[in-house]
Colleague: 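Here it is, the structure in full.
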Number of protein chains: 2
Amino acid sequence: MGTITIKDVAKLCGVGVSTVSRAINNHPDINEETKTKIMKVIKENNYIPNNSARNLKRSNSKMIAVLIKGISNPFFSKMIKVIEEETQERKYSFLLHRVEEREDEIDIALELVKEKKLRGIIFLGGYFTHSEEKLSQLDIPYVLCTVGITGKWSKELCSFVAVDDFKESYKIVDYLCKIGHKRIAIITTSLDDTSIGLIRYKGYLQALRDNNIEPDMKLVRSMKDDIETFTMDNGYVVMKELLESGEDFTAVFAISDSIAIGASKAILNAGKSVPEDYSVAGFDGLDIASYYNPAITTIRQPVDEIAKAAVTILFDVIKKKADHQMCVFPGELIIGQSTKLI
Amino acid sequence: MGTITIKDVAKLCGVGVSTVSRAINNHPDINEETKTKIMKVIKENNYIPNNSARNLKRSNSKMIAVLIKGISNPFFSKMIKVIEEETQERKYSFLLHRVEEREDEIDIALELVKEKKLRGIIFLGGYFTHSEEKLSQLDIPYVLCTVGITGKWSKELCSFVAVDDFKESYKIVDYLCKIGHKRIAIITTSLDDTSIGLIRYKGYLQALRDNNIEPDMKLVRSMKDDIETFTMDNGYVVMKELLESGEDFTAVFAISDSIAIGASKAILNAGKSVPEDYSVAGFDGLDIASYYNPAITTIRQPVDEIAKAAVTILFDVIKKKADHQMCVFPGELIIGQSTKLI
DNA sequence: TTGTAGGCGTTATCAG
DNA sequence: CTGATAACGCCTACAA
């Protein structure tokens with residue numbers, strides 16, 4: 001049944017290909033009657049336009065892409081939904097593309113831009129350490145949404161929206177201090193990993209110091225790199241090890257809720273209790289944090305607002321209504337039952 | 001800087017386009033020297049081939065797609081990873097595409113097949129109620145992986161791999177009966193929804209009857225359709241309502257772990273205890289089920305095996321090593337601390 | 001080993 | 001309003 005093309009449809013209808021094209025694309029200059037006739041033939045013969053050919057020829061595509069690193073992260077689920085809604089509202093279509101941990105998001109973006117004639121990109125998650133030269137290759141608007149960035153940041157290149165990881169991390173650790181904890185452990189990424197984990201770790205350090213607590217490296221624990229990072233499994237293993245080390249501490253700050261839950265379970269399985277024996281705090285404000293038992297004290301990131309802002313900014317830039325901007329949202333300290341006054 | 005094409009590269013190198021093409025595609029008939037020279041120019045000028053043009057021309061693509069309905073479902077996360085690995089091992093590439101709840105997966109598949117010249121498809125999740133006529137349009141091998149299907153099933157069309165939802169549902173409800181529960185509630189999809197929920201509900205009914213328990217419709221609760229289904233939120237709300245109804249029951253079977261966790265939290269928030277006051281059972285065997293406190297009794301679906309089987313079968317069919325097949329995996333009853341003998 | 005030319009299925013630009 | 005026809009960027013015979 002050799003795949004049917006626009007030519008076949010044209011022949012079947014006794015019209016030219018351009019007329020068929022007009023019918024498919026809701027072009028105004030076309031007789032309603034011929035249009036309905038064409039659409040009928042299309043339906044009957046199950047004609048489906050070839051997107052590759054379309055993309056090849058088309059110049060403006062009304063399509064943006066979301067490149068997401070860590071697609072299994074539940075933190076992104078709601079974001080995707082919001083981004084999708086907001087995009088649809090603007091009559092654009094939306095392509096979700098996952099990028100693997102070791103892949104270079106810029107390379108993928110470059111490829112996609114060519115292939116799909118994208119108008120804009122939202123990067124979700126991951127960590128940006130690309131050279132300006134590399135970034136400047138990407139000549140369409142893009143915004144970095146909750147992606148980690150190091151050092152210098154040129155506002156000309158792209159927008160950025162996220163919470164201030166340092167500040168929020170500081171906030172929750174400061175809270176732990178204020179309710180009396182002095183021996184506060186942290187479960188973070190490995191310290192030579194220049195990621196979001198490093199920033200949160202720095203917030204932790206600063207909070208301790210400002211509360212006159214000398215950081216103790218024996219309480220600084222890194223996720224295992226032979227287990228997927230930012231998972232409950234990882235949190236569990238690290239916490240188990242910490243408990244078995246016999247180190248003295250009364251609270252632990254896990255840099256994500258998943259890790260916090262893994263850590264909590266390790267404590268419970270050791271026959272101890274949260275928060276009676278150990279207070280546990282997380283980060284992100286996932287649904288599961290509040291559903292867990294005990295509910296995890298955490299920093300809620302305003303995902304909806306963040307996602308909305310990302311889309312708004314992106315389209316403002318696309319439509320040249322505004323320049324790129326840096327948009328930092330406040331997180332909210334959610335006090336659950338996993339932490340207690342000491 | 002008008003996007004650079006293969007022609008430009010050819011000109012820059014002083015060779016023909018076919019030579020450049022050969023270089024890019026690792027074609028054998030090419031002088032190593034000219035090849036390295038070409039690759040150098042490509043790197044220097046950041047040339048990126050246009051995939052649309054490639055797909056348009058190409059006939060066989062060594063690419064499969066995974067169409068996934070409910071991408072935020074953590075149940076699929078591990079599957080995706082496994083599928084990806086297995087696909088890579090076979091030197092194929094792999095395209096992940098999410099389909100929205102209301103979208104028709106077959107239409108999307110058809111489109112993708114044309115656009116990308118796919119060799120095979122794995123459908124993940126969702127529910128198939130398409131006519132044979134529609135299905136037969138999809139003329140490449142595909143396998144349904146943990147997707148619900150109704151009634152008749154023609155094995156010629158495609159493969160199917162999943163657990164037996166009826167049997168597994170029966171298994172866990174039977175377990176509840178065997179440990180002494182007689183008033184067992186269920187939280188499922190709405191009963192006129194012909195989905196996987198219906199099948200699990202039927203398993204529940206059968207288990208009750210086989211244990212000489214008369215089903216009580218007052219204990220059959222449906223998820224709210226104004227809240228996203230299969231979520232903790234939904235489980236929470238439904239359970240809260242059930243508790244407040246004053247209905248007498250000692251156990252509840254939630255047809256997914258997320259729902260079970262929401263339900264558990266509702267019980268806890270009502271000042272009751274799991275499992276002392278109410279036993280709670282789930283379905284799926286998500287990580288969080290075992291990490292929850294108390295660990296949720298559930299049916300663990302062997303996700304790795306399921307995903308592996310899906311890929312294996314798909315490639316067997318692609319390579320014509322085998323016909324389509326129906327592959328049913330056993331689930332495993334995982335007994336947590338959320339259920340107790342009565 | 002390399003270059004030339006035709007075509008993949010559409011859309012866009014023209015004339016009619 | 002409609003129909004040829006030239007791109008779009010690449011691959012692949014076919015020729016050299």
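All values below come from the heavy atoms of this structure, side chains included, with hydrogens, waters and symmetry mates left out. Order of the sequence lines fixes the chain letters, A, B, ..., with proteins taken first and strands second; residue numbering starts at 1 for each chain.
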Colleague: Closer than 4.0 angstrom, basic N to acidic O: yes or no for B:E86 and B:R90?
Modeller: yes
Colleague: Applying salt bridge (Lys or Arg N to Asp or Glu O under 4.0 Å), name anything that partners B:K117, two or more places apart in sequence or on another chain.
Modeller: none
Colleague: For the residue pair A:N25 and A:R54, confirm or rule out a side-chain donor-acceptor distance under 3.5 Å.
Modeller: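 Distance-only check passes for A:N25 and A:R54.
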Colleague: Between protein and nucleotides 6-11 of chain D, map the contacts as a letter string: B base, S sugar-phosphate only, - none, heavy atoms under 4.0 Å, written 5' to 3'.
Modeller: -BBBSB
Colleague: Within the structure provided, determine whether B:F315 and B:K321 are in side-chain contact (heavy-atom separation under 4.5 Å).
Modeller: no
Colleague: Need two values: the first and the last nucleotide of DNA chain C, 5' to 3', having an atom under 4.0 Å from any heavy-atom of chain B.
Modeller: C:dT1 to C:dG9
Colleague: Would you say the side chain of B:F230 lies within less than 4.5 Å of the side chain of B:T189, judging by non-hydrogen atoms?
Modeller: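 In short, these two side chains touch, coming nearer than 4.5 Å.
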Colleague: Strictly below 4.0 Å, N to O, side chains only: are B:K37 and B:E32 in salt-bridge contact?
Modeller: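 No.
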Colleague: Does a side-chain N-to-carboxylate-O contact under 4.0 Å join A:R98 and A:E105?
Modeller: no
Colleague: Bend across the helix from C:dT1-D:dA16 to C:dG16-D:dC1, to 10°, with axes taken over 5 pairs at each end?
Modeller: 40°
Colleague: Using the test salt bridge (Lys or Arg N to Asp or Glu O under 4.0 Å), find all partners of B:E101 that sit at least two apart in sequence or belong to another chain.
Modeller: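 Salt bridge (Lys or Arg N to Asp or Glu O under 4.0 Å) check on B:E101 returns nothing, list empty.
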Colleague: Going by atom types alone, do B:E111 and A:N51 pair a side-chain donor with an acceptor below 3.5 Å?
Modeller: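 The answer is yes; a qualifying pair exists.
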Colleague: Charged N to carboxylate O below 4.0 Å: is that the case for B:K40 and B:E44?
Modeller: yes
Colleague: Do A:F128 and A:L135 have side chains that approach each other closer than 4.5 Å (heavy atoms only, starting at C-beta)?
Modeller: yes
Colleague: Would a 4.5 Å heavy-atom cut-off, applied to side chains only, mark A:L314 and A:I64 as touching?
Modeller: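 Of all side-chain heavy-atom pairs linking A:I64 with A:L314, at least one is under 4.5 Å.
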Colleague: Which residues in residues 31-39 of chain B have a heavy atom closer than 4.0 Å to any atom of DNA chain D?
Modeller: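 Heavy-atom cutoff 4.0 Å gives no residues at all.
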